[in-house]
S.K.: 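Take a look at this one; I'll ask things after.
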Amino acid sequence: HRDKKRDKEKVKEKEKAKEKERNQDKEKERNWDRDKEKERERDKERNRDKDKEKDQEREKERHKDQERVRDKDRDRDRDKDRENNKEKEKEKDREEVDQNKEKDDVTKEGGKDKEKIKDKEGDKDRGEKEKDREKEKDEKKEKERERDDKKKKEKRSRTPPRSYSSSRRSRSSSR
């Protein structure tokens, strides 16, 4: 009778031990699942952070591209303004030359009128008049030559002369 009781107690203890073991296994599994879930959450968070960084990088690149485009536009506008200014300067120079020519023509005509009046009045000798005319013509021609020389020098100073070697280089590269 005692042996049966002992056997029953042993069986109960074994069952309790098994139950305890099962509970421990379940607890381990729950802990393992919890750890896995936490790891997944951490991974998600890391990926979110990486995505944010990538977005920020893309935004920076887009901004840089916009800046480059703005700079190019600004440079293009500046170049156009320079070209327009050069054209305006050339036009002013042309107008100035035309005005100077008109003035010279007017002064020549005025000089002719004066000479006619003098001829009519007979104030001077014919020889003296011819000498005076030749002097005036020589002076006017000299002034025109000086003016033309100045303009040529200005044009030369604006555009630097091309060296022989550079012109040959450009010819050879175009072949």
Side-chain angles (χ1 to χ4, degrees), residues 36-175:
K36 277 292 177 186
E37 190 61 33
K38 284 181 183 177
E39 187 65 31
R40 273 192 221 111
E41 284 299 317
R42 272 189 241 120
D43 287 347
K44 282 182 183 177
E45 192 63 34
R46 260 187 249 122
N47 287 337
R48 274 190 222 116
D49 291 346
K50 284 180 183 177
D51 289 346
K52 281 182 185 177
E53 286 177 18
K54 284 180 183 177
D55 288 345
Q56 286 175 350
E57 284 299 316
R58 279 191 217 111
E59 191 62 34
K60 282 180 186 177
E61 279 301 314
R62 198 177 316 124
H63 190 69
K64 283 180 185 177
D65 289 346
Q66 287 173 348
E67 279 296 314
R68 282 188 211 114
V69 167
R70 259 188 246 128
D71 290 346
K72 283 180 183 178
D73 289 347
R74 201 178 305 125
D75 290 346
R76 196 180 314 117
D77 290 346
R78 215 178 286 137
D79 289 344
K80 282 181 184 176
D81 289 346
R82 281 193 203 120
E83 283 297 317
N84 288 339
N85 288 341
K86 284 181 183 178
E87 287 297 319
K88 286 178 184 175
E89 283 295 320
K90 285 180 183 178
E91 189 62 33
K92 282 181 184 177
D93 289 348
R94 283 189 211 117
E95 287 176 8
E96 217 174 280
V97 168
D98 291 345
Q99 286 177 356
N100 288 340
K101 283 182 181 177
E102 287 176 14
K103 285 180 184 176
D104 290 347
D105 292 345
V106 169
T107 54
K108 284 179 185 176
E109 287 177 16
K112 287 179 184 176
D113 290 343
K114 287 179 186 175
E115 288 171 9
K116 286 180 185 175
I117 293 170
K118 287 179 184 176
D119 285 345
K120 287 179 185 173
E121 292 175 3
D123 289 342
K124 287 191 173 179
D125 224 284
R126 291 252 180 226
E128 286 177 1
K129 286 180 185 176
E130 285 177 14
K131 286 179 187 176
D132 289 344
R133 281 186 211 141
E134 285 176 11
K135 281 183 185 178
E136 285 177 6
K137 284 180 185 176
D138 290 346
E139 288 172 0
K140 285 179 186 176
K141 284 181 184 177
E142 189 63 32
K143 285 181 183 177
E144 284 178 8
R145 272 192 219 115
E146 288 174 3
R147 204 178 301 124
D148 289 347
D149 288 350
K150 281 183 184 178
K151 286 180 184 172
K152 285 179 185 176
K153 283 182 184 178
E154 285 177 9
K155 282 185 180 178
R156 271 191 231 122
S157 67
R158 281 190 218 129
T159 57
R162 231 174 158 183
S163 69
Y164 175 73
S165 60
S166 69
S167 63
R168 285 197 62 184
R169 235 182 280 123
S170 66
R171 263 190 265 125
S172 66
S173 66
S174 64
R175 284 185 206 144

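This structure is a prediction, so every number in the text was calculated from the model and none was measured. One is the number of the first residue; the rest follow in order along the sequence.
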S.K.: Could you work out, with salt bridge (charged side-chain N to carboxylate O under 4.0 Å, His left out) as the rule, every residue matching Asp81, not counting sequence neighbours?
M.R.: none
S.K.: Who are the side chain to side chain contact (heavy atoms under 4.5 Å, CB included) partners of Glu102, not counting sequence neighbours?
M.R.: none
S.K.: So Asp73 and Arg70, side chain to side chain contact (heavy atoms under 4.5 Å, CB included) or not? Walk me through it.
M.R.: CA-CA 5 Å; Asp73 289 347; Arg70 259 188 246 128; 5.6 Å; no
S.K.: Looking at residues at least two apart in the chain, or sitting in another chain, which of them share a side-chain hydrogen bond (donor to acceptor under 3.5 Å, both in side chains) with Asp77?
M.R.: none
S.K.: Could you measure the distance from the CG atom of Asp43 to the CZ atom of Arg48? Nearest 0.5 Å is fine.
M.R.: 11.0 Å
S.K.: Do Lys36 and Glu39 sit within salt-bridge range, that is, some charged N less than 4.0 Å from a carboxylate O?
M.R.: no
S.K.: What I want to find out is whether Arg82 reaches Asp79 closely enough, with some N-O distance under 4.0 Å, to be called a salt bridge.
M.R.: yes
S.K.: Among Lys44, Arg40, Lys38, which residue satisfies the side-chain contact (heavy atoms from CB on, under 4.5 Å) criterion with Arg42?
M.R.: Lys38
S.K.: With Asp138, which residues qualify under side chain to side chain contact (heavy atoms under 4.5 Å, CB included), at least two apart?
M.R.: none
S.K.: For Lys150, what residues pass the side chain to side chain contact (heavy atoms under 4.5 Å, CB included) criterion, not counting sequence neighbours?
M.R.: none
S.K.: Sequence neighbours left out, what passes side-chain hydrogen bond (donor to acceptor under 3.5 Å, both in side chains) with Asn84? Give chain and number order.
M.R.: none
S.K.: State the CZ-CG distance between Arg147 and Asp104, to the nearest 0.5 angstrom.
M.R.: 5.0 Å
S.K.: For Asn47, enumerate each residue passing the side-chain hydrogen bond (donor to acceptor under 3.5 Å, both in side chains) test, keeping only those at least two apart in sequence or located in another chain.
M.R.: none
S.K.: Could you walk me through whether Lys135 and Asp132 pass salt bridge (charged side-chain N to carboxylate O under 4.0 Å, His left out), step by step?
M.R.: CA-CA 5 Å; Lys135 281 183 185 178; Asp132 289 344; 5.0 Å; no
S.K.: So, taking the atom named CD in Glu130 and the one named NZ in Lys137, what distance separates them when rounded to the nearest 0.5 Å?
M.R.: 9.5 Å
S.K.: Please determine whether side chain to side chain contact (heavy atoms under 4.5 Å, CB included) holds for the pair Arg68 and Asp65, giving the CA-CA distance in whole Å, both sets of side-chain angles, and the decisive distance to 0.1 Å.
M.R.: CA-CA 5 Å; Arg68 282 188 211 114; Asp65 289 346; 2.5 Å; yes
S.K.: My understanding is that only residues two or more places apart in sequence, or in another chain, count here; which of them pass side chain to side chain contact (heavy atoms under 4.5 Å, CB included) with Glu91?
M.R.: Arg94, Glu95
S.K.: Report all side-chain donor-acceptor pairs from residues 51-60 shorter than 3.5 Å, counting only partners two or more places apart or in another chain.
M.R.:
{"unit_1": "Asp55", "atom_1": "OD1", "unit_2": "Arg58", "atom_2": "NH1", "d": "2.7"}
{"unit_1": "Glu59", "atom_1": "OE1", "unit_2": "Arg62", "atom_2": "NH1", "d": "2.6"}
{"unit_1": "Glu59", "atom_1": "OE2", "unit_2": "Arg62", "atom_2": "NH1", "d": "3.4"}

S.K.: Between Arg46 and Asp49 (salt bridge meaning N to carboxylate O under 4.0 Å), is one present in this structure?
M.R.: no
S.K.: Using salt bridge (charged side-chain N to carboxylate O under 4.0 Å, His left out) as the criterion, list what pairs up with Asp148, not counting sequence neighbours.
M.R.: none
S.K.: Which residues pass the side-chain hydrogen bond (donor to acceptor under 3.5 Å, both in side chains) test with Glu134, sequence neighbours left out?
M.R.: none
S.K.: Return the set of residues passing salt bridge (charged side-chain N to carboxylate O under 4.0 Å, His left out) with Glu146 (not counting sequence neighbours), or none when no residue passes.
M.R.: none
